[in-house]
Amino acid sequence: MALINQASKEIQVKIVYYGPALCGKTTNLVKVHENVLTTGEKGKLVSLANQTSDRTLFFDFLPIEAMSIKGYRTKFQLYTVPGQVIYNTTRQLVLRGVDGIVFVADSQYDKMSENVESFANLEENLKALKLNLADIPYVLQYNKRDLPDVAPIEYMDFLLNNREVQVPAFEAAAMKCEGVFETLNMITRMLLHKLINQTSQKPAALAAA
Amino acid sequence: MTGTLPHFTEEDIQQINAIFADFLRKAEADLVLLTAEGGFLVTQFGNAETLDTMTLGALSSNSFEANKAIAGLIGEPTFTSTYQAGASFSVYVQSIDGFNLMVVIFPVKTGVGAIRYYAQTARDELIKVFDRARLRSPGDGLDLALMNATESTQIFKRQ
């Protein structure tokens with residue numbers, strides 16, 4: 001859940017990048033860290049990764065302070081989860097308190113089953129935390145569009161975005177920083193809309209009661 | 001939002017800081033952080049010097065959650081505190097209410113027993129502040145509708 005601190009006039013929000021192993025979750029954070037233009041504080045990118053293979057063991061963490069909105073400083077905590085199947089307990093830990101999710105899918109044809117499996121795993125892990133994906137803002141990112149043998153967008157939509165209300169999906173080549181900021185800005189926008197709706201609906205709900 | 005986190009006002013934070021000031025004086029610790037579920041840093045009190053307290057809070061929170069998972073694996077319901085001993089400084093983490101944590105940084109010359117003892121008292125006082133804050137409507141005194149979300153389309157810009 002987002003933290004609204006009236007004393008320090010801060011809103012803190014947690015966004016988790018989820019997806020199968022080697023789909024580019026860490027690359028997204030690296031590119032945001034390298035390229036973001038911020039008037040606020042840009043924190044260090046902390047990677048708890050294997051020293052030799054550079055694979056994420058626990059998570060990557062990037063705190064970024066964005067612009068003030070109506071006097072409130074907006075601070076975003078970006079996390080990745082480890083994609084490897086064996087680290088499921090860790091993925092659950094990182095999802096704790098999540099506000100928004102970016103599901104990063106690998107566009108290569110031979111990765112489709114891993115994408116579907118990871119998406120199902122996301123839903124299972126949220127259920128274990130008594131959360132429902134339908135209640136959490138999320139976007140899809142179809143990464144690695146610059147590689148040969150990628151699946152058509154329509155096919156990926158059919159596999160991952162085939163529901164009554166489709167969520168925004170972005171084509172990306174994270175290594176080239178293409179689609180990275182578009183994805184981040186959309187999940188940010190969806191999150192802020194949700195926060196605004198929740199706080200503005202609360203008094204009305206109380207009055208109705 | 002799952003509603004486990006109280007909506008802190010300026011008065012709440014002042015009360016929390018007063019509890020922390022008393023705790024640091026009695027326990028002879030250097031710094032105490034209050035972190036919320038999800039790893040957010042709510043407030044800090046004491047000598048942070050050049051420490052990156054936001055990262056410290058996030059890592060401490062996730063580390064504590066990992067320890068709770070370890071507790072589950074060995075059949076313990078939970079761990080309520082963890083202690084990491086260093087050569088110059090040590091870290092003691094105390095759960096407040098199952099969601100929020102006190103993270104204490106203290107020099108090794110201060111015994112962990114004193115930290116643990118005074119942290120219990122501080123935790124009890126913090127729970128009272130949290131309970132009062134939870135009774136308050138999350139929307140009280142705050143109208144986020146004043147925020148213009150359309151301004152957020154380019155909140156993160158590429159260099």
Side-chain angles (χ1 to χ4, degrees), chain A residues 1-8 11-12 14 32 34-38 41 43-44 46 48 58-59 61 63-64 66-67 69-72 74-77 79 89-90 92-94 96-99 130-131 177 180-181 184-186 188-189 191-193 195-203 206, chain B residues 1-17 35-43 52 54-59 61-70 72-73 99-100 137-159:
Chain A
M1 80 265 6
L3 173 68
I4 301 168
N5 189 335
Q6 274 189 272
S8 53
I11 296 171
Q12 295 188 54
K14 178 175 182 175
V32 170
E34 284 176 357
N35 296 293
V36 71
L37 184 69
T38 175
E41 187 182 338
K44 284 181 191 163
V46 178
L48 304 182
F58 198 163
F59 57 79
F61 169 69
I64 311 181
M67 66 180 76
I69 303 177
K70 301 290 180 188
Y72 277 81
T74 49
K75 292 184 170 181
F76 292 82
Q77 300 199 346
Y79 283 84
T89 306
T90 311
Q92 265 190 30
L93 291 181
V94 177
R96 188 179 43 96
V98 67
D99 295 298
K130 297 183 172 59
L131 297 170
C177 200
V180 169
F181 279 81
L184 178 58
N185 277 317
M186 178 51 81
T188 304
R189 187 179 187 187
L191 273 174
L192 291 177
H193 273 293
L195 275 176
I196 290 165
N197 287 337
Q198 278 179 335
T199 55
S200 61
Q201 281 168 7
K202 196 76 186 177
L206 287 172
Chain B
M1 289 192 282
T2 55
T4 52
L5 193 72
H7 179 173
F8 293 116
T9 63
E10 198 160 347
E11 189 186 4
D12 296 329
I13 298 294
Q14 282 171 0
Q15 288 177 357
I16 291 168
N17 284 341
T35 69
E37 187 189 27
F40 298 126
L41 176 64
V42 180
T43 187
D52 177 357
M54 182 183 284
T55 301
L56 182 60
L59 292 178
S61 175
N62 282 286
S63 165
F64 193 80
E65 285 301 315
N67 276 291
K68 277 165 69 176
I70 292 170
L73 290 174
F99 299 104
N100 303 285
S137 163
D140 270 5
L142 181 71
D143 185 5
L144 285 183
L146 290 171
M147 292 168 62
N148 182 359
T150 57
E151 291 175 5
S152 67
T153 49
Q154 290 298 315
I155 199 164
F156 293 110
K157 289 181 183 165
R158 190 176 167 179
Q159 282 177 347

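Just so it is clear, the model here is predicted, and its values are computed rather than measured. Proteins come first, then strands; the chains are lettered A, B, ... in the order of their sequence lines, and each starts at number 1.
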Below 4.5 Å from any heavy atom of chain B, which atoms of [X] appear? Answer side chain, backbone, both or neither.
| X | value |
| --- | --- |
| A/Leu48 | side chain |
| A/Gln92 | neither |
| A/Val46 | side chain |

Checking the side chain of B/Arg158 only, and the main-chain atoms of A/Cys177 only, is there a donor and an acceptor separated by less than 3.5 Å? yes
Could you pull out the closest heavy-atom pair between [X] and [Y], with the gap in Å?
| X | Y | result |
| --- | --- | --- |
| A/Gln12 | B/Leu41 | NE2-O, 2.7 Å |
| A/Leu93 | B/Asn62 | O-OD1, 4.4 Å |
| B/Gly39 | A/Tyr79 | CA-OH, 4.4 Å |

Under 4.5 Å to a heavy atom of chain A? For B/Ser61 that would be both
So, the part of B/Ala69 with a heavy atom under 4.5 Å from chain A: the answer is side chain
Around A/Glu34, counting heavy atoms of other residues, nucleotides and ligands shown, do more than 12 lie under 6.0 Å from its CD? yes
Here the gap from A/Phe61 atom CZ to B/Met54 atom CE, rounded to the nearest 0.5 Å, amounts to 7.0 Å
When rounded to the nearest 0.5 Å, the distance separating CG of B/Leu73 from OG1 of A/Thr89 is 7.0 Å
Indicate yes or no: at least one non-hydrogen side-chain atom of A/Val32 is less than 4.5 angstrom from one of B/Phe156. no
